[in-house]
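The next block holds one structure in the form of structure tokens; read it before the comments.
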Amino acid sequence: MNSNKIDYAEITISAVSPTQYPEDGLPEIVLAGRSNVGKSSFINTMVNRKKLARTSGKPGKTRTLNFFNIENELFFVDVPGYGYAKASNAEQEKWGRMMEDYFSTREELVLGILLVDFRHEPSEHDILMYDFYKHYDVPVFVVATKSDKIKKSKYNKHESLIRKTLKISSEDKFFTFSSFTREGRQEVWDAILAHISKDENA
């Protein structure tokens with residue numbers, strides 16, 4: 001797969017239960033993060049599209065597991081953003097059950113990407129999501145978005161804070177990313193494809 005020239009990228013299904021998951025057998029990479037962390041912009045930048053994933057002025061719009069087929073080689077799975085204050089407790093419980101169903105049963109799940117805002121210390125929700133990945137033995141890439149908002153001289157300080165707050169394991173990777181400058185795009189793609197290749201050959 002040539003990550004610089006992606007010809008096919010489409011949303012295949014928005015699922016709320018295991019019976020709706022795709023049956024292609026392709027490796028799946030889950031994308032999780034706060035409602036306003038820039039998940040849609042991350043997806044669009046990664047696949048060189050402007051509007052594959054809809055960016056919204058209203059955070060918390062994703063209510064389902066959205067499966068994006070990339071080149072018929074892998075899926076990005078966008079899960080509901082967390083930390084959205086206007087979501088009711090009942091809604092949040094429903095999302096939680098949906099996530100647990102997916103994580104506990106899905107053999108195609110090979111990698112989790114946790115998107116955090118590079119400008120800020122990770123929230124309690126970020127910590128819980130990282131721990132959720134680890135609970136289900138999902139390898140994690142931590143991708144710090146909006147890196148264009150931080151001076152290069154401050155990168156080490158911000159990365160150190162994120163690593164310390166999340167208690168990132170030594171085997172998990174960390175990337176800085178900007179949908180504005182496209183910083184990190186190629187590095188993240190290279191790491192994803194290397195991880196999938198290693199997983200398939202294991």
Side-chain angles (χ1 to χ4, degrees), residues 1 3 6-117 123 125-126 128-130 132-133 135-136 138-141 143 145 177 179 185 188-189 192-193 195-196 199:
M1 176 173 146
S3 56
I6 292 174
D7 295 315
Y8 181 79
E10 296 292 339
I11 184 164
T12 301
I13 193 162
S14 297
V16 294
S17 71
T19 57
Q20 297 174 308
Y21 299 162
E23 297 179 355
D24 307 65
L26 299 175
E28 295 173 0
I29 293 100
V30 169
L31 312 176
R34 281 180 65 86
S35 297
N36 58 354
V37 77
K39 271 194 299 160
S40 296
S41 297
F42 173 81
I43 294 169
N44 291 334
T45 301
M46 291 295 283
V47 300
N48 290 328
R49 298 282 195 283
K50 286 201 168 100
K51 293 181 180 174
L52 177 64
R54 291 179 188 164
T55 55
S56 172
K58 295 179 181 177
K61 293 290 274 187
T62 302
R63 297 282 195 271
T64 54
L65 303 181
N66 293 330
F67 288 80
F68 295 89
N69 183 324
I70 316 297
E71 296 285 55
N72 290 310
E73 291 199 29
L74 59 90
F75 280 102
F76 281 164
V77 184
D78 183 20
V79 303
Y82 49 78
Y84 182 51
K86 290 186 180 177
S88 68
N89 286 337
E91 257 185 321
Q92 292 184 34
E93 282 178 22
K94 188 169 78 174
W95 297 345
R97 285 195 300 274
M98 191 166 60
M99 297 265 283
E100 284 175 13
D101 283 344
Y102 176 77
F103 276 83
S104 62
T105 63
R106 195 63 172 161
E107 290 182 8
E108 289 84 351
L109 170 56
V110 298
L111 178 67
I113 292 180
L114 176 61
L115 294 132
V116 297
D117 191 324
S123 68
H125 287 104
D126 292 325
L128 286 170
M129 190 66 227
Y130 181 78
F132 190 78
Y133 277 141
H135 175 75
Y136 287 103
V138 179
V140 185
F141 290 176
V143 175
T145 63
F177 188 90
S179 57
R185 179 189 181 275
V188 174
W189 260 130
I192 287 173
L193 296 176
H195 180 83
I196 289 173
D199 189 73

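As the structure is a prediction and not an experimental result, all values here were calculated from the model.
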Separation between CD1 (Ile70) and CZ (Arg49), nearest 0.5 Å, reads 8.0 Å

Decide side chain to side chain contact (heavy atoms under 4.5 Å, CB included) for Met46 and Val188; before the verdict, give the C-alpha distance in whole Å, the side-chain angles of both, and the deciding distance to 0.1 Å. CA-CA 9 Å; Met46 291 295 283; Val188 174; 3.6 Å; yes

Let me confirm one number: the CZ-CD distance from Phe67 to Glu108, rounded to the nearest 0.5 Å. 8.5 Å

Under 3.5 Å donor-acceptor, His195 side chain and Val110 backbone: yes

Can you measure from CD1 (Ile43) to CG (Asp78) and round to the nearest 0.5 angstrom? 4.0 Å

Shortest non-hydrogen contact between Ser3 and Asn48, atoms and distance: O-ND2, 4.1 Å

Could you walk me through whether Ile113 and Val140 pass the side chain to side chain contact (heavy atoms under 4.5 Å, CB included) check? CA-CA 6 Å; Ile113 292 180; Val140 185; over 6 Å; no

Salt bridge flag under 4.0 Å for residues Asp126 and Arg34: no

Do Met129 and Met99 have side-chain heavy atoms sitting under 4.5 Å apart? yes

Just by modelled atom types, is the Phe75 backbone N or O under 3.5 Å from a matching donor or acceptor in the Glu28 side chain? no

Nearest heavy-atom neighbours spanning Tyr133 and Ala32: OH-CB, 3.4 Å

Do any N or O atoms from the side chain of Lys50 and from the backbone of Thr45 form a donor-acceptor pair under 3.5 angstrom? no

Between Ile29 and Val77, is the side chain to side chain contact (heavy atoms under 4.5 Å, CB included) condition met? List the steps. CA-CA 6 Å; Ile29 293 100; Val77 184; over 6 Å; no

Can you tell me if Thr145 uses its side chain to pair, donor with acceptor, with the backbone of Val37 under 3.5 Å? yes

Only one of Trp189, Phe141, Phe68, Phe177 forms a ring-ring contact (aromatic ring centres under 6.0 Å, His included) with Phe42, so which one is it? Phe177

Closest contact, heavy atoms only, Leu193 versus Met1: CD1-O, 3.9 Å

Minimal non-hydrogen separation, Leu115 against Lys39, with atom names: CD1-CG, 3.2 Å

N/O donor to acceptor pairs below 3.5 angstrom from side-chain atoms of residues 10-17, sequence neighbours left out:
| unit_1 | atom_1 | unit_2 | atom_2 | d |
| --- | --- | --- | --- | --- |
| Ser14 | OG | Asn66 | OD1 | 2.7 |
| Ser17 | OG | Thr19 | OG1 | 2.9 |

Could you list the residues that satisfy side chain to side chain contact (heavy atoms under 4.5 Å, CB included) with Leu109, not counting sequence neighbours? Val30, Tyr102, Phe103, Arg106, Val138

Within the 4.5 Å heavy-atom criterion, are Glu73 and Leu26 side-chain neighbours or not? no

